[in-house]
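Input: a single structure, listed below in structure tokens.
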Amino acid sequence: MADFTPQYLLFTLILLGTFSSNHGCNQIARKSLLSLPFTTSSPPLNWSSIDCCLWDGISCDHKGRVTHIWLPSKGLRGSISSVLGNLSRLSHLNLSNNSFSGPLPTGFFSSWNQLRVLDLSNNHLAGDISSLFSSNGWPASIQIVDISNNDFNGMIQSLFLRRAWNLTELNVSHNSFTGHIPSSLCINSPSVRLLDFSFNNHSGQIPTGLGRCSKLEVFRAGFNYYLSGQLPHDIYNATELTEISLPFSNLSGPINSDIVNLTKLTILELYYNQFSGKLPLNIGKLSKLKRLLLHMNYLTGSLPQSLTNCTNLIELNLRCNLFCGYISNLNFSSLQQLTILDLGGNEFTGILPASLYSCKSLKAIRLAQNRLEGKIMPEVLQLKLLQYLSLGDNKLTNLTEAITVLSGCKSLKIVILPVNFQHEAMPSDDSIVGSFGFENLQVLGLGGCQLTGTLPSWLSKLKKLEVLDLSFNRIIGSIPGWLSTLPRLFYLDLSNNLISGEFPKELCDLPALVLKQTAPPVEQSYSKLPIFVSKNGTISKNCTFNQYTYLTSMPPAIYIGNNSLSGNVPIEIGHLLQLHVLDLSHNSFSGNIPCQISELTNLERLDLSANKFSGEIPASLTSLHFLSWFSVANNNLNGMIPLGTQLQSFDPSAYEGNRGLCGKPLPHECANIVSQNRDKEIQEEKHGLRNLGFKVSLVLGFITGFWGVCGPLLFNNYWSVAYFQFLDSLKYSIKHS
């Protein structure tokens, strides 16, 4: 064994001391971390070691100084303290996806000259952004700043960025920032790759100078409604751009043909703006485009032939513009990756393009509200993945063949074909839909077609049907009881037809509208494209109506207004506990309004107008606290409108046309109430007179008694002496008894 000389031992001690100092925690840092005013949910942070460099989410340099605090998604709560300023060597701070709240300390960045990464996203932090910086702004070392999804406000000023020479990512989205987007971004930070200003309150124009960001890949500033003006021309010089996202703003002007210089572009989102003019003829040079979303603008002209050169397109949405032209001129067959196609709400003509049937990846097609003709061809069966088909408001014909063909599309979930097949007969042959036909269908819309006939029994085979709209047709007969056998049906619109008979009791047992354990659970059905529903509940092609992407977001409803239904409304109506909308208007229903309607505590809309209801309005309706629309106008109702803030809050027109109704909000009070009030006033007057007589008698009695007793004592000396001697003897006897 080798001998250990004193020199060797000394060297060993020095080495161990050096090793210890390299890995020991700086005590200032340890105290600073322990004093942070936040709490954590389970599991708690493992901060029990003496050495803070070994704690969860903490890293140190070779001198034990904290450089990294990396604690995303730890369930942390509380505020962010100025104590963090003691950690002057901090280079990475990630507290994202927690529940921190309140403002950040003033001068938050002033002591961090080496900070490179700051991620405070997805918290509840608030306050004016201008209070966070020293006069020098962000440190020169900063590379990534993400403060998105908080409640910060104020203006992002250019001086904040004047030393941010190394900045590569800036994400301030989903806050409440105001003012202009900083104009010197690309001068101060030429290496920036991502800029996200979306979901704020920025105003003014998009600044020029973006073309100087030679490495810019992603630019997002959408959902800032007060952004206006045209796209800055030099943005087309930022040739590394892969994404431009500017939806839901107020931008205008044409889409410049120089956009084709951005050959790396994969996402172009300019929807819900005011862009106008034609698409660039050579837009096909953007061959890497995957998502082209230009809907809800004022774009015109025919679609360029070169568009089909964008062979990587997955989603193409040009809905609700002013495009025109013969749609069959486009050869869609090259778009083999196309999944979603929406050309609805334009002025296209021609027949359904046969080339679409070769786009085998298609899951959603909307060509509604155009001027297309012809019929649905059997070739649509080639689209094995098709889930959503909306062709409403065109000039299609042959509904029987359409149902026959589409029932064989195994993946179809949503079929919306309103305002077509004018005056054709509703297909009545039960065999038109086989035992496996429409096996996944959830939505069927055939409103506004003026179809004749009765409700066909083949509908009873659609066991996954959730939404059925047959409004604005000429359907006759009664409402069939077999509708209650559709276990998922929660939205039924049979309004504006010629249906007669009574309200079937079976309809009160729709499984999806009653609370039954046997009812199957409703899935979160996601629609590839939104479903538009008008204010009166009709499924529509219109671009401005209510939109629903999830079927479960649609209000459970029964619309059977504007028919020829009669008789009493069954008391079993109270079973439909999940119902939000009930419209029985413009029929001939009679009898009393069932008080069981008050059991439908989720009702938001109740329309009983233009019927023959009689009797009084049930007082129990005042318990319907969610009603936002209500009408019993034009019936034969009488009596006082039940008192309750809900029923009194509606316009008097909700009660007009009922001569016997009275009370608020109608201008005339009820006669019995007036009589009762007058009787009360008379009684109060009589009571007042009795009180006055009592008071007068009391005063007179007091005066008489006072002078009758005290008068002789004052004026007769003998009686006075005798009286006071009597009082003295009485006092003595009480004291010694």
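If you're wondering where the values come from, they're calculated on a predicted model, not measured in any experiment.
- Looking only at atom types and distance, the side chain of S566 has no donor-acceptor partner in the side chain of S588 under 3.5 Å away.
- N634 and E656 share no donor-acceptor pair across their side chains, judged by distance under 3.5 Å alone.
- Remark: the backbone N or O of F332 is paired with a side-chain donor or acceptor of S355 at under 3.5 angstrom.
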Self-check item: Test log, rule side-chain contact (heavy atoms from CB on, under 4.5 Å), inputs Y491 and Y559
Solution: CA-CA 8 Å; Y491 190 102; Y559 293 94; 3.7 Å; yes
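- Of the possible donor and acceptor atoms, none in the side chain of D509 sits under 3.5 Å from a partner among the backbone N and O of S484.
- Pairs passing the ring pair (Phe, Tyr, Trp, His ring centres under 6.0 Å) check and including a residue from residues 613-634, sequence neighbours excluded, read F630-F650, F630-Y655.
- Panel note: side chain N635, backbone L637; no donor-acceptor pair is recorded below 3.5 Å.
- Put simply, the residue from K464, K413, Q387 that forms a side chain to side chain donor-acceptor pair (under 3.5 Å) with N440 is K464.
- In this structure, CD1 on I376 lies 8.0 Å from CD1 on I403, to the nearest 0.5 angstrom.
- Side-chain atoms of E269 and S245 include a donor-acceptor pair closer than 3.5 Å.
- At least one donor-acceptor pair under 3.5 Å links the side chain of N563 to the backbone N or O of L494.
- Taking a 6.0 Å sphere around NZ of K410, one finds it holds more than 12 heavy atoms contributed by other residues, nucleotides or ligands.
- Ring-plane geometry between F503 and F589 is classed as tilted, the angle between the planes lying from 30 to 60 degrees on a 0 to 90 degree scale.
- Proximity of a side-chain donor or acceptor of N568 to a complementary backbone N or O of P570 within less than 3.5 Å is not detected.
- In K290, the NZ atom is not crowded: 12 or fewer heavy atoms of neighbouring residues, nucleotides or ligands sit closer than 6.0 Å.
- Side chain of N496 to main chain of N562: no donor-acceptor pair is present (N/O by atom type, distance under 3.5 Å, no hydrogens or angles).
- Interatomic distance, S495 OG to N587 CG, rounded to the nearest 0.5 Å: 10.0 Å.
- One distance of note links NE2 of H295 with CG of N273; it measures 10.5 Å at 0.5 Å rounding.
- Summarising the local packing, NZ of K505 is surrounded by 12 or fewer heavy atoms from other residues, nucleotides or ligands at distances under 6.0 Å.
- Residues Q450 and H423 have side chains that never bring a donor and an acceptor to within less than 3.5 angstrom of each other.
- Side-chain contact between L584 and L565: absent, with no pair of heavy atoms (C-beta onward) separated by less than 4.5 Å.
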